[in-house]
Amino acid sequence: DQQVKQNSPSLSVQEGRISILNCDYTNSMFDYFLWYKKYPAEGPTFLISISSIKDKNEDGRFTVFLNKSAKHLSLHIVPSQPGDSAVYFCAASGGLSSGNTPLVFGKGTRLSVIA
Amino acid sequence: DTGVSQDPRHKITKRGQNVTFRCDPISEHNRLYWYRQTLGQGPEFLTYFQNEAQLEKSRLLSDRFSAERPKGSFSTLEIQRTEQGDSAMYLCASSLAVGLRTQYFGPGTRLLVL
């Protein structure tokens, strides 16, 4: 039973255009969501997060949108750059009463930004 | 202190041998997590600590796996009698227990069991 799903294994985008990566979750107890970027043979690097009390969070070229009713979040990268090419993981954490809980990850989406 | 560190970065071992990995978290973080990642999958939770107390273990963590954080600082993950199915990237992350909920990951230890 996969609680966090990234249904697109890969995405190709031209340099300068918008990249949109999607993520769906099933567990309504999740209340904090994160996006990580991963290069081969390295650990995941934190990009941006959002709490369930918000519906949007922005940091430079990266914006995360959360639709709680649809249990869906998306990461927008504008403009996309070749250095953004990597695997992007959506992760979720839940249960405010237990603090910072272990993360549940999706399987990742490989983004290729073509120059 | 610039981030989470892990040692070794790579380990090749023969089936049946024991291996031990080390993780040094960000110094002010009191929570430390171990995850495992296999090809084509996202990281999967194994176990985590708050200070020296092990708070939760995943059902993925068989009896051959043991983790410690004796002084609430660095942690070790030991795999006894390794099997080929243990080949994976072992990732360590750290965070605060409350407040900022972001987990920061180390570079990982890639294990290959022959």
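Just so it is clear: chains get the letters A, B, ... in the order the sequence lines come, proteins before strands, and each one is counted from 1.
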So for atom CD, which belongs to B/E68, do other residues, nucleotides or ligands contribute more than 12 heavy atoms lying within a distance under 6.0 Å? no
Please identify, among B/S95, B/P43, B/G108, B/P107, the residue contributing the most non-hydrogen atom pairs under 4.5 Å to chain A. B/P43
Can you say whether B/L55 sits under 4.5 Å from chain A via the side chain, the backbone, both, or neither, judging by heavy atoms? neither
Between B/L91 and B/L111, is there a shared hydrophobic cluster once you connect ILVMFWY residues whose side-chain heavy atoms come closer than 4.5 Å? no
Assess whether side-chain contact (heavy atoms from CB on, under 4.5 Å) is satisfied between B/R101 and A/S49, documenting all intermediate values. CA-CA 9 Å; B/R101 294 173 63 175; A/S49 61; over 6 Å; no
Heavy-atom pair of closest approach, residues B/G42 and A/F89: CA-CE2, 3.4 Å
Heavy-atom count around A/I18 CD1 within 6.0 Å, excluding the residue itself: above 12? yes
If you count the non-hydrogen atoms of other residues, nucleotides and ligands that lie under 6.0 Å from CZ in A/R110, is the total more than 12? no
Assess whether side-chain contact (heavy atoms from CB on, under 4.5 Å) is satisfied between A/L103 and B/Y35, documenting all intermediate values. CA-CA 9 Å; A/L103 298 175; B/Y35 294 84; 3.5 Å; yes
same_hphob_cluster(B/V4, B/L32) at 4.5 Å side-chain heavy-atom cutoff: no
Given a strict heavy-atom distance threshold of 4.5 Å, which part of B/Q37 is in contact with chain A: side chain, backbone, both, or neither? side chain
Check the hydrophobic clustering (I, L, V, M, F, W, Y; side-chain heavy atoms under 4.5 Å; chains of links allowed) and say if A/V4 and A/W35 are grouped together. yes
If I measure from the heavy atoms of chain A, does B/E56 come under 4.5 Å with its side chain, its backbone, both, or neither? side chain
Short side-chain to backbone donor-acceptor contact, B/Q103 and A/T101, under 3.5 Å: yes
Tell me whether B/L114 at atom CG has more than 12 heavy atoms from other residues, nucleotides or ligands lying less than 6.0 Å away. yes
How close do B/T102 and A/L34 get, counting heavy atoms only, and between which atoms? CA-CD2, 4.0 Å
